[in-house]
Amino acid sequence: LSNMEQTQKRKQEIETRLAEEKKRSEMIKENLEKADQLTNSMVTILNHFDERLHKLEDTILPVHRKTKDLQRLQDNIEKTLTSLDHVIGYHHVANDVEPVLRQGPSRQVDKYLHSMERLVKAVAFFSENNPDSPELNTVNTLFSNGKDGLEKEFQAQLSRHTKPMPPLKVEELIKMENKEDESFIHLPEKTVSDLSQMSEWLSGPGNSQSFVKAYSDIRSNNLIKTLNGMSDHIKGNSNTVSYLDICYTKQAVTITKQAVFKMKQNTFLLPLCMPLRLERSCITLLLSWLCFNCDRLHALALSYVKCVKNTPIMTYSFLQSCFSMIIFSADYSMQFNIVTMFHFHIHLSPYEELIELEVDPFVAMVSACAKLIVVEQDMMQSVIPEKYRRKVFDNIITEPLETVEQTGTKIVEYSKQCIARHDHPSIVNVFPAIKHLKTTLPAYQDALKALNKNIQSRLFYNTACLQGVSEKNRLRIPRLIAELDSVGVKVLEDFSDCVKSDPEKESNMPKDGTVHELTSNTMLFLQQLAENVEIVGGMLASKFESQQSIQIIRSCLAKYIGQVLGALKLNLENKSRVYVDLFLAAVFLLNNYHFIITALNRHNLLALAQIATPEIERFYKEFIEEQRQAYMQCWTKFDSYLNNDNKGVPIQVQPGGKLKDKDKQVVKDKFKSFNNDFEDLVKTHQQWAMPSSDIKKEIRNSVKSRIRSAYSELHEKYRMVQFTKNIDKYLKYTPESVVENIDKLFDQYA
């Protein structure tokens with residue numbers, strides 16, 4: 001029963017659903033019919049619209065074609081009118097620009113350049129369209145005149161605003177670290193702008209390069225005037241003795257009282273000519289300064305001062321004597337000043353043509369030039385088009401660098417003159433110039449490379465612009481340094497040869513065995529070299545090493561000092577053989593060796609020399625001791641005089657007693673020989689020189705220790721013995737007088 005009910009219920013649900021679907025189908029059918037109706041209606045409307053469009057097209061299209069043809073005709077007419085106006089305009093260019101050109105570009109550079117542009121176009125137009133027309137000749141003439149006017153204006157403006165930089169401002173520039181300070185570009189901003197516009201037009205449409213030469217010449221001449229002005233400024237404000245202090249004549253150099261005061265301030269350097277004429281007012285002052293309270297030197301000085309037309313003259317002999325007498329003075333700084341001022345400047349005759357050495361102006365010129373070319377480079381970049389900058393910069397710096405080089409060449413010639421005269425110490429005057437050149441060289445190299453880098457950053461594709469300045473200009477300063485180094489080395493080599501080959505003439509030898517002039521000259525020169533280690537060592541190292549370290553520089557100078565000292569020692573030994581008296585030769589060598597080792601210690605030369613010869617101090621001490629012992633040999637003969645024996649047999653004697661006749665004669669001979677030899681020896685050696693008070697004292701003490709005790713004993717023994725009737729004849733000296741006479745050794749005034 002339940003199954004039948006379920007089946008019946010299911011049947012009813014299906015019938016209900018079927019009825020609903022039928023209703024839905026009928027509704028869809030109705031909607032489809034409505035859609036068909038709407039579609040048919042739309043198709044009808046569109047067909048109608050299409051027909052109307054075809055009718056409109058058939059009506060409008062002919063009108064459009066006619067309008068388009070009219071528009072084309074209008075455009076052609078307008079173009080024709082424009083072309084006519086353009087052509088007519090070229091015919092009016094000459095009349096329009098002529099008043100502007102007549103007025104010139106001054107104060108109207110923009111307007112003038114605009115007129116020139118119009119002329120350029122007019123020339124191009126007539127050249128292309130009507131080459132034979134008179135209008136072409138007219139505009140060509142105006143263009144040529146206008147370009148000439150522009151070139152003249154460029155030159156006039158540049159000349160008008162280009163003035164040499166004052167020396168004080170140059171000094172300020174040299175001291176400044178910021179080399180790109182625009183305040184040193186001394187052209188007004190408006191002028192720089194005008195010059196830049198004119199140069200751009202001339203290098204472009206104007207197709208002219210005359211402005212390049214004008215700019216190069218004007219700026220180069222101005223740079224030279226600035227350098228010369230700086231040089232003159234330094235000369236006029238030099239702290240050394242000026243022309244107001246020294247009056248140059250062919251016969252002498254007159255030294256005034258002001259010059260003597262400057263000597264005391266170490267700011268005086270005598271010119272290389274002789275003799276020296278002193279004003280009477282400064283004789284006493286100069287001599288007192290030279291003598292330094294040394295009566296001996298003062299007397300010598302006065303003996304050599306001669307009167308020529310009531311004007312005292314210091315002769316060569318006086319200067320030479322001054323040098324030899326003061327060389328062992330306690331005031332070594334005074335020695336150096338005197339020797340520098342006098343002794344090394346007496347080798348020339350008064351009539352010899354000399355090269356005037358001006359180191360300070362040259363140094364200032366080198367520094368100024370290095371800074372000024374940077375200023376010129378900065379200004380050039382604001383005015384000159386890039387494609388001409390390398391050429392312009394090279395032209396600007398050529399003559400200034402040549403001026404610097406020529407001034408430096410005078411120093412080279414001065415150095416060569418030192419070789420010809422064998423005036424070696426004068427080369428020291430050149431050292432500041434060499435040092436400054438080497439110090440300033442990097443600044444020159446940076447300045448000459450700066451333009452090259454600037455061009456490379458902008459025109460990396462143009463290899464021709466990467467060449468920088470010319471090779472000749474780039475190598476001027478290095479070549480000058482190389483020449484100075486080369487000549488300096490030749491001076492040093494010539495000095496070494498002169499030391500080695502200085503002649504052994506008896507006339508040149510000191511009669512008293514004092515320090516030889518060669519020794520004093522050599523040590524003073526070596527002292528001057530040691531005060532310029534980097535310069536002198538750099539010269540010597542330049543022959544062997546491309547890379548110079550301070551160790552190599554010091555080593556080269558140390559080897560040179562050792563070479564010179566070796567040559568000096570050999571020459572002194574050869575000179576000592578000139579002396580007939582071997583003991584005077586020993587004193588001569590002792591004095592010279594002591595002077596050498598004293599000079600080595602006094603001027604810090606020893607540490608430098610020890611780099612090449614570590615044992616040099618010990619060597620010279622041994623040399624000194626060897627010569628001291630050689631000198632002491634002259635006193636050994638007194639040992640036999642003071643021995644109380646007769647051919648090895650002791651003489652027996654008692655106070656108040658008598659001697660045998662043969663013993664009496666022996667005693668007489670002993671005292672007679674002692675008296676004669678002692679007197680002769682003291683008298684002779686008293687005239688010999690022993691400048692070193694320590695060695696003098698040491699030798700005197702050694703002589704006393706050898707003689708005093710033995711003589712005292714012998715004197716005391718025979719004082720009361722009757723060995724002669726005239727005992728005072730033989731006992732001429734007491735022990736005290738023997739000591740007193742020994743203290744007279746090496747003292748002419750004792």
Side-chain angles (χ1 to χ4, degrees), residues 327-330 332 335-336 492 495-496 499-500 502 510 513-531 533 536-537 540 550-577 579 582-636 688-703 705-706 746:
I327 200 64
F328 289 104
S329 170
Y332 295 117
Q335 293 177 20
F336 174 75
L492 298 178
F495 176 76
S496 179
V499 171
K500 187 183 301 182
D502 192 68
T514 189
V515 178
H516 196 277
E517 178 186 354
L518 175 65
T519 304
S520 56
N521 287 355
T522 300
M523 296 313 297
L524 183 59
F525 185 56
L526 292 182
Q527 172 202 341
Q528 293 172 315
L529 298 186
E531 292 172 352
V533 174
V536 182
L540 296 168
I550 187 63
Q551 290 80 7
I552 294 176
I553 288 174
R554 290 176 63 85
S555 176
C556 288
L557 181 55
K559 290 178 182 177
Y560 177 78
I561 291 175
Q563 173 187 340
V564 172
L565 290 177
L568 177 61
K569 181 178 183 298
L570 181 62
N571 192 291
L572 289 173
E573 291 175 352
N574 293 334
K575 289 183 185 301
S576 68
R577 297 187 181 96
Y579 290 111
L582 297 179
F583 305 114
L584 179 57
V587 169
F588 171 76
L589 290 176
L590 187 151
N591 285 333
N592 281 273
Y593 291 153
H594 182 265
F595 179 84
I596 291 172
I597 192 64
T598 302
L600 287 174
N601 282 287
R602 186 169 66 235
H603 301 302
N604 297 322
L605 274 167
L606 184 60
L608 193 58
Q610 285 175 334
I611 296 176
T613 312
E615 299 293 325
I616 188 171
E617 185 175 19
R618 180 176 64 82
F619 292 159
Y620 274 98
K621 287 182 178 179
E622 291 176 356
F623 298 154
I624 292 172
E625 180 60 25
E626 180 182 342
Q627 298 306 319
R628 192 184 73 83
Q629 293 296 336
Y631 168 78
M632 289 301 298
Q633 292 299 314
C634 68
W635 296 94
T636 56
W688 294 358
M690 187 67 66
S692 172
S693 58
D694 292 338
I695 294 182
K696 184 190 300 183
K697 183 178 180 181
E698 182 181 350
I699 290 178
R700 287 174 178 175
N701 289 337
S702 297
V703 174
S705 63
R706 178 183 286 272
F746 314 117

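Proximity of F623 to K569: side-chain heavy atoms (C-beta onward) are separated by under 4.5 Å at one or more points. Between I699 and Y631 there is a side-chain heavy-atom pair separated by less than 4.5 Å. In this structure, L600 and E617 have side chains that are not in contact, with every pair of non-hydrogen atoms separated by 4.5 Å or more. Annotation: side chain of E622 is in contact with side chain of R618 (closest heavy-atom distance under 4.5 Å). Using a 4.5 Å cut-off on side-chain heavy atoms (C-beta onward), K696 and S692 make no contact.
Of all the heavy atoms in F588 and L572, the pair that sits closest is CE2-O, 3.7 Å. In this structure, S702 and M632 approach most closely via the heavy-atom pair CB-CE, 3.7 Å. C556 approaches G537 most closely through the heavy-atom pair CB-O, 4.2 Å. Pairing each heavy atom of A567 with each of S496, the nearest pair is CB-O, 4.4 Å. Nearest heavy-atom pair across S555 and I611 is CA-CG2, 4.2 Å. In this structure, I624 and H594 approach most closely via the heavy-atom pair CD1-CA, 3.7 Å.
Side chain of N591 to main chain of A689: a donor-acceptor pair is present (N/O by atom type, distance under 3.5 Å, no hydrogens or angles). Within the 3.5 Å criterion, the main-chain N or O of V536 finds no donor-acceptor partner in the side chain of Y560. Judged by distance alone, the side chain of T522 and the main-chain N or O of L518 form a donor-acceptor pair under 3.5 Å. Counting only distance, with no hydrogens or angles, the side chain of S576 and the backbone of E573 share a donor-acceptor pair below 3.5 Å.
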TODO: For salt bridge (charged side-chain N to carboxylate O under 4.0 Å, His left out), just list the numbers for K621 and E625, CA-CA rounded to whole Å, side-chain angles, deciding distance to a tenth of an Å, and then say yes or no.
DONE: CA-CA 6 Å; K621 287 182 178 179; E625 180 60 25; over 6 Å; no
- [ ] Take L526 and L565, measure what side-chain contact (heavy atoms from CB on, under 4.5 Å) needs, and give me the verdict at the end.
- [x] CA-CA 9 Å; L526 292 182; L565 290 177; 3.9 Å; yes
TODO: Using the side-chain contact (heavy atoms from CB on, under 4.5 Å) rule, take H516 and D502 through it: C-alpha gap first, then chi angles, then the decisive distance, then the call.
DONE: CA-CA 11 Å; H516 196 277; D502 192 68; 4.0 Å; yes
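The CZ atom of F746 sits 10.0 Å away from the CD1 atom of I695 when rounded to the nearest 0.5 Å. Considering CD of E698 and CZ of R628, their distance stands at 4.5 Å, rounded to 0.5 Å. To the nearest 0.5 Å, the span separating CG on N592 from CE on M523 amounts to 10.5 Å. Summarising the geometry, atom OG1 belonging to T598 is positioned 12.0 Å from atom CG belonging to L605; distances are rounded to the nearest 0.5 Å. If you take CD1 on I552 and CG on L557, they are separated by 14.0 Å, rounding to the nearest 0.5 Å. Remark: R554 CZ to I561 CD1 distance equals 9.5 Å, nearest 0.5 Å.
Screening N571, V499, L524, I596 for a side-chain contact (heavy atoms from CB on, under 4.5 Å) with T519, the sole residue that qualifies is I596.
Side-chain polar atoms of Q633 and Q629 form no donor-acceptor pair below 3.5 angstrom.
Using cut-offs of 30° and 60° on the angle between ring planes, the pair F495 and F525 is tilted.
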